[in-house]
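Written out below as structure tokens is the structure these notes cover.
All heavy atoms count here, side chains included; hydrogens, waters and symmetry mates do not.
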Amino acid sequence: MKEHRSVKVRGLGLAISAALITGCASHSANVQTSSTSASELESVPAARTTVSEETEVEVEILQTGGTDSAPEELTDGTHSDVVVTHPALSQPLSELELLAVEQNPQLVKLYQQYNAASSRSRYVNKLPDPRLGANVFGAPIQTASGSQRAALSASQAIPWLGKLNAQEQQACFEAFAVRADYLSERLRVIAAVRTGWYRLYVIDQQIETALANQELLQSLIEVANAQISTGSATQGDVLLGTLELSKLEERLLTYRKLRVAVQAEVNRLVARDADTSILTPKELKIDLPALSAQQIYQQARESQPEIQAAQLRTQATRWGIEVAHLSRRPELTLSANYFVTDNNRPPSSLYKVGQDPWSLGAQVSIPLWKEKYDALEDEATWKHLASTNSESDLLDRYDALITELLAEARRAEETAKLYRDTILPQAQQTLRADQESYSRGAVEFDRVIRDYRNLLTLELGYHQAIGELAIALTQLSRVAGQDVPLQAAAPPALPEPQKLSEPE
């Protein structure tokens, strides 16, 4: 496996950098405490945003309650009891999440951008560097007290101090916004890893289902061969079964190719070799959220880093207006000059021969160009209005997205429940009945094959619904900014299809 540079030292750097700018914008009352508090800055790249504890295998996004717990009522009065029993999420998923947080190139880049932004906030309020100058005269300036050979000067520009403070506040908010971008991207990467992992789970279940149906189909072909000897079946039945077996093999090839692609994408997210093996569990437990859409939306407003980033940038643009307004204030420049003079004149009682004169001076900029400063304020104001509208649009989009994801999760849950409790038992019962009828010569073989096709499609659809439910809950937790509390339920496991024995 290729080696990847670990960036675990980023945690300490992030905490130190954040501590240096924590107090920058403390006097702004319009920033949420959750966005700028020093306690939040304890999050480091090596810690998972949506996982409760690093040392635990259990992941909160799909909570793992006991299999004997009773169904609970949802906030809208409905009930949920679709669960594929599984005591806890497999260790490989938690390991993948940690690797993604530590090694994902996009997260590394955003962390470096945050360090750059936090560094900027530490110098924008400082005075410009002083200037030193020297003029050496080619032809000395002749004065009564002596020849002046050179002039030395020093100057210091002093901008309006209120403007420096406003620039510091703006830089602080921009640095916190970049940090929120980092946290938002970390949520997205973790959700992408989980989504890929659940897709791998679905593909593995589909492969396992196809293999089980391959055995079932093989048993049907064996029964057809046995029926030929008794004269109740034809060679065409065997050929039809063989054709279905070939189609199933083609489906397996497609699933395996898709698994390679999904596995490569997950490995890309964690910055490791594309062919590194990823394990999935045999069973998976899925529950619906215990919160309503409005409660999840409120959770997102408080915890979603992308929303916090928009709010912080709105605060930064508000300080940008103040910076533009204070740009009208004059800038003061203080200077000192020293003239090197030779002692090459006769002594005089009126002045000191050879004395080096010096002077102090001050200059003030005059902001005469009103249109220029009006344009600066207009630019800052329009940026602030755009940022405010962007924040409002983001809140609306999250509101709609939460409603959509929650509806998708409930649809997938109801679909899986319908498959498991009604459709699949009926399809299995139909196949068994037609298998028995075929062994007695009461039905044609193509009818049994049709029943088999229907059962295979329905079983694949059941696993697809379970995967869609898991992915919807993963995205719901990403949107909410933290794991959404789930409720536990434990219905019976999916019944296994039965093989038909050969007639005696």
Side-chain angles (χ1 to χ4, degrees), residues 50 58-90 93 191 194-206 208-209 280-297 299-300 399-428 455 457-480 482-495:
T50 57
E58 181 174 282
V59 179
E60 293 181 1
I61 190 169
L62 293 177
Q63 294 178 350
T64 53
T67 57
D68 298 330
S69 59
E72 295 183 11
E73 185 173 350
L74 298 178
T75 54
D76 59 359
T78 61
H79 289 76
S80 168
D81 58 357
V82 170
V83 175
V84 180
T85 56
H86 176 58
L89 292 181
S90 298
L93 177 58
R194 293 183 180 185
T195 297
W197 192 82
Y198 292 133
R199 288 183 64 193
L200 287 175
Y201 165 79
V202 172
I203 294 172
D204 287 344
Q205 292 300 311
Q206 290 173 334
E208 186 176 341
T209 300
T280 59
K282 294 294 183 182
E283 296 175 323
L284 187 65
K285 180 184 187 313
I286 309 293
D287 301 315
L288 278 180
L291 302 179
S292 65
Q294 184 60 35
Q295 290 172 318
I296 297 175
Y297 173 69
Q299 193 177 69
D399 190 12
L401 184 58
I402 288 171
T403 302
E404 177 184 351
L405 288 172
L406 192 56
E408 171 65 15
R410 289 177 176 172
R411 180 208 61 79
E413 187 265 351
E414 290 295 333
T415 301
K417 178 181 177 182
L418 184 63
Y419 274 127
R420 189 205 62 224
D421 294 341
T422 305
I423 299 178
L424 279 173
Q426 291 176 354
Q428 291 173 353
L455 180 60
T457 302
L458 294 173
E459 287 177 338
L460 296 177
Y462 171 77
H463 294 302
Q464 185 67 33
I466 290 295
E468 290 171 352
L469 175 57
I471 291 173
L473 293 177
T474 296
Q475 296 301 320
L476 197 60
S477 289
R478 179 191 68 81
V479 170
Q482 57 181 310
D483 287 342
V484 177
L486 306 177
Q487 59 181 17
L494 185 68

Practice prompt. Taking all non-hydrogen atoms of both residues into account, name the closest pair between Ala465 and Ala412 and its distance.
Written response: O-CB, 3.6 Å

Discussion item. Before you tell me yes or no, could you show the steps for Ile466 and Tyr201 under side-chain contact (heavy atoms from CB on, under 4.5 Å), namely the whole-Å CA-CA distance, both residues' side-chain angles and the distance that decides it to 0.1 Å?
Written reply: CA-CA 10 Å; Ile466 290 295; Tyr201 165 79; 4.1 Å; yes

Item to complete: Might you work through the salt bridge (charged side-chain N to carboxylate O under 4.0 Å, His left out) test for Arg411 and Glu414, ending with a clear yes or no?
Response: CA-CA 5 Å; Arg411 180 208 61 79; Glu414 290 295 333; over 6 Å; no

Worksheet item: What distance separates Leu476 CG from Leu401 CG, expressed to the nearest 0.5 Å?
Response: 8.0 Å

Practice prompt. Drop me the distance from Tyr198's OH to Ile471's CD1, to the nearest 0.5 angstrom.
Written response: 9.5 Å

Worksheet item: Is Arg410 paired with Glu413 through a side-chain N to carboxylate O contact shorter than 4.0 Å?
Response: no

Discussion item. Rounded at 0.5 Å granularity, tell me how far OG1 in Thr195 sits from CZ in Arg478.
Written reply: 9.0 Å

Fill in: Point-to-point distance, once rounded to the nearest 0.5 Å, from CD1 of Ile203 to CZ of Arg199
6.0 Å

Response to the item:
d(Glu208 CD, Lys282 NZ) to nearest 0.5 Å is 5.0 Å

Item to complete: Work out which heavy atom in Leu406 is nearest to a heavy atom in Ala293; give both atom names and the distance.
Response: CD2-N, 3.6 Å

Worksheet item: Under the criterion side chain to side chain contact (heavy atoms under 4.5 Å, CB included), which of Val479, Ile296, Val484 is the partner of Leu405?
Response: Val479

Practice prompt. Please identify each residue that fulfils side chain to side chain contact (heavy atoms under 4.5 Å, CB included) with Val202, with sequence neighbours left out.
Written response: Gln206, Gln464

Worksheet item: Asp204: what forms a salt bridge (Lys or Arg N to Asp or Glu O under 4.0 Å) with it, not counting sequence neighbours?
Response: Arg259

Discussion item. Looking at every heavy atom in both Gln475 and Ala191, which two are closest together, and how far apart are they?
Written reply: NE2-CB, 4.1 Å

Discussion item. Checking the side chain of Gln426 only, and the main-chain atoms of Asp421 only, is there a donor and an acceptor separated by less than 3.5 Å?
Written reply: no

Item to complete: Hey, could you give me the CZ/CG distance between Arg420 and Leu458, rounded to the nearest 0.5 Å?
Response: 14.5 Å

Fill in: Residues in side chain to side chain contact (heavy atoms under 4.5 Å, CB included) contact with Ala409, at least two apart in sequence or another chain
Leu288, Leu469, Ala472, Leu473

